[in-house]
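First the structure, in the form of structure tokens, and then the observations on it.
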Amino acid sequence: MSPRKCYPTLTDMKQAILANLSPAYPWKDRLFVYPELDSTNTRLKSMASQGAPQGTVLIADRQTGGRGRLGRTFLSPAGVGVYLSILLRPDCRPMELMHLTCAAAAAMCRALESAAGIRPGIKWTNDLVWGKRKLAGILTEMGLNAAGNVDWAIVGIGVNCCQAEADFDPEIRDKACSLAMAAGHEIDRARVAAAMLEALREMDASLLTGKEEMLRFYRARCVTLGKEVSIVKGGEVHHGKALDVDEEGALVVRFSDGHTESVSSGEVSVRGMYGYL
Ligand code: BTN
């Protein structure tokens, strides 16, 4: 299989992304594409604290320190993925943004569907999956101002686009997947990035008003619901059944001792009883 579509220079990549954006996309003047960054989230966080505007986007062809949830590493090799972070500045209290990761996951389902013609599932809370394999991960971060309101929110997304199975490290080969593997055809990373930006702009427009509709979509796509799960919290593992995703995006679990509790994504890791899903 030769699934790659490469851009010989990053200027071409940026031009190709811009060419794929609709005329209505409002943040074309604040899109930055780099050959390499440690982490697009980390760099954007420092730009946010220096006053970078809403809609600033960083994309790196490669990350040397890509970060995932719960302090994990997100492997980000050159030429095969989209590693993208966007800065938003919603005017609200932090509690009103508890659903941000869910909103981003729902938006990314729509983006990958339109760019690659596949219908991903969501592993609660922040992974996009194809079958039992991870296609993409999302890391959201937030900063507050002196009044305790949201100053900035950053949504970082890493999508495996062009890898063949053998390109993944042996330890994750049976758990990871790319858009090319899922779709069975070559993937244009610029088209994927543009679809992600359009979906993130739409997400931003309805972030505080469209929560109910977004959660309906999220629940319908969430492959964790109805499954037996292992909840790992502070080194302890508890078993239960995932029943629902609540208004704040927390996972409602009925534990094996019979009690039901909402667990939030900041504190737990969820596994299927027999592996990643
Ligand atoms: C996860 O799998 O837990 C989340 C992975 C998020 C990776 C993306 S890639 C772009 C942005 N920059 C980072 O360092 N992380 C996010």
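Because the structure is a prediction, the values reported are computed rather than measured. Every number for a ligand or one of its atoms is a count from 1 in the order of the listing.
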Proximity to ligand 1 by part of Asn126, non-hydrogen separation under 4.0 Å: side chain

Side-chain touch Ile157/Leu200, heavy atoms, less than 4.5 angstrom: yes

Which part of Leu84 is near ligand 1, with near meaning a heavy atom under 4.0 Å away: side chain, backbone, both or neither? backbone

Thr40 heavy atoms, cut-off 4.0 Å: which ligand 1 atoms fall inside? 10 (C), 11 (C), 12 (N)

Which heavy atom of Ala111 sits nearest a heavy atom of Ala195, and at what distance? CB-O, 3.5 Å

So which bit of Arg72 gets within less than 4.0 Å of ligand 1, heavy atoms only: side chain, backbone, both or neither? neither

Does Phe168 have Arg133 sitting over its ring (NZ/CZ under 6.0 Å from centre, angle to axis within 45°)? no

Ligand 1 atoms nearer than 4.0 angstrom to some heavy atom of Gly68 are 1 (C), 3 (O), 4 (C), 5 (C)

Look at Glu113 together with Arg221 and state whether they make a salt bridge at an N to O cut-off of under 4.0 Å. yes

Can you name the atoms of ligand 1, numbered from 1 with element, that are less than 4.0 Å from a heavy atom of Gly66? 14 (O)

Can you list the ligand 1 atoms lying under 4.0 Å from a non-hydrogen atom of Phe74? 2 (O), 5 (C), 7 (C)

Atom 9 (S) of ligand 1: closest protein heavy atom, distance to 0.1 Å, is Gln63 NE2, 3.3 Å

By number and element, which atoms of ligand 1 are closer than 4.0 Å to a non-hydrogen atom of Gly158? 7 (C), 8 (C), 9 (S)

Close-contact set for ligand 1 against Arg67 heavy atoms, below 4.0 Å: 5 (C), 6 (C), 7 (C), 13 (C), 14 (O), 15 (N), 16 (C)

Between Tyr83 and ligand 1, is there a nitrogen or oxygen pair with a distance under 3.5 Å? no

